[in-house]
Amino acid sequence: MNIPWLGSRKLPANRTILAHQFDDLEQQRAAESLGMWVFLATEILIFGALFTGYAAYRVRYSQDFEEVSRKLNVLIGASNTVVLLTSSLTMALSVHAAHVGRQRTLVWCLILTAVLGTTFMVFKAVEYYIDYREQLMPGVRFERTEWREPGRIQVFLIFYYVMTGLHAVHLTVGIGIMVWLIVLARQERFGPEHYSPVEIGGLYWHFVDVVWIFLLPLLYLIGTHSAHDLHF
Amino acid sequence: MTTRVISPTIYYAVFAGLIGLTMLTVGISFLDFGAWHTVVGLSIAVVKAILVALFFMHLIYSDKANWLAIGAGLFWLGILLVLTLSDYLTRHWWAY
């Protein structure tokens, strides 16, 4: 397997950006973009399966889902949404910076994106701890006596942990991709003639954001909240 | 995606819209909409997702091939949701 650029600080003058199977740079760029979009279509189906399972149980146990959804921490959920939306902005700005060849802006925007993604993960970890403390962790700590139907409550909570957990795994991969892009960007690998890795890394990142955009209302905003739900 | 450079102004505008919609969706959850919370929440989420896809992901500037890929994914998701839910929503269970 040929990994041409690892180990060298800058692209050697005799190396070409154009891979041998493409006719020109535009075709290569279009193929790279399409490849990532096709992958994202498959990712829609992975999460789609979880959303569908959730939907089926939501239809069946609607009142119980509403009951426990209110117990999730909407303040952290909403804050995380803002964090991730901001990271999508910085990601779009880094693609732009790569496109116009502003190397320093590119690096800083990528760093910001990675930092915001990590912030999300920190908030998530804190939130999981709070859920543990609030006895919302089936199998680990689930001792509240107020549930009418504890079995159904646990179904919702399993969906909550699996869906947000799978999302967190995707986000971690995304942060790893950002770190890799930062390393390459600092070596000034990207510019107006070659910025596809930043663009398609961005596509992946935005997709992870879109998944969260749907997770928020479906997990946190089912029922009606009251002012005293606003706490950490 | 295109080789034409897109001005960042659009990104800031879309971002402002996204934050606004987030505040809207969270705010609405504090009002008593009853069963409508799902519909309203999902509708707002769809609008946000469309904004991210069209502008942040450059779909609006993209080749039609990219549109086809994402369209296919959504179509298959549609089959999954429609066929599954048409089963469960037409069962006459009385939960309580």
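As a basis for the values below, the full set of heavy atoms in this structure was taken, side chains included, without hydrogen atoms, waters or symmetry mates. Chain A is the first sequence line, chain B the second, and so forth, proteins listed ahead of strands; every chain is numbered from 1.
Here the closest non-hydrogen pair linking B:L85 and A:A56 is CD2-N, 4.3 Å. Here the closest heavy-atom approach between residue B:P8 and residue A:L93 is recorded as CB-CD2, 3.7 Å. When all heavy atoms are compared, the tightest approach of A:P217 to B:A45 is CG-CB, 4.0 Å. The nearest pair of heavy atoms linking B:G73 to A:L45 is O-CD2, 4.2 Å. Contact between B:M57 and A:L40 at its shortest, heavy atoms only, is CE-CD1, 3.6 Å. Taking both residues in full, the closest heavy atoms of A:L85 and B:F56 are given as O-CE1, 4.5 Å, listed atom of the first, atom of the second, then distance.
Using a 4.5 Å heavy-atom cutoff, the side chains of A:F214 and B:V46 are in contact. Counting heavy atoms from C-beta outward, A:T224 and B:F33 have side chains that stay 4.5 Å or more apart. For the pair B:M23 and A:V82, the minimum side-chain heavy-atom distance is 4.5 Å or more.
A distance of 13.0 Å separates CH2 in B:W76 from CD1 in A:I44, rounded to the nearest 0.5 Å. Note that the CG atom of B:L18 and the CG atom of A:L89 stand 9.5 Å from one another [nearest 0.5 Å]. Rounding to the nearest 0.5 Å gives a distance of 11.5 Å between OH of B:Y11 and OG of A:S88. Residue B:N66 holds its CG atom at 5.5 Å from CG of A:L34, rounded to the nearest 0.5 Å. Note that the CD1 atom of B:I44 and the CD1 atom of A:I213 stand 12.0 Å from one another [nearest 0.5 Å].
Ranking B:V26, B:V14, B:D87, B:T38 against chain A, the residue ahead of the rest is B:T38, based on heavy-atom pairs under 4.5 Å.
Both the backbone and the side chain of B:F30 come within less than 4.5 Å of a heavy atom in chain A. With a threshold of 4.5 angstrom between heavy atoms, B:A65 approaches chain A through its backbone and through its side chain. Both the backbone and the side chain of B:Y12 come within less than 4.5 Å of a heavy atom of chain A. Looking at B:T22, only its side chain comes within 4.5 Å of chain A, counting heavy atoms on both sides. At a 4.5 Å heavy-atom cutoff, the contact between B:L31 and chain A is made by backbone atoms alone.
Between the side chain of A:H96 and the backbone N or O of B:I6, at least one donor-acceptor pair lies under 3.5 Å.
For the residue pair B:H37/A:E66, the side-chain donor-acceptor check at 3.5 Å is not satisfied. B:D63 and A:S33 share no side-chain donor-acceptor pair at under 3.5 Å.
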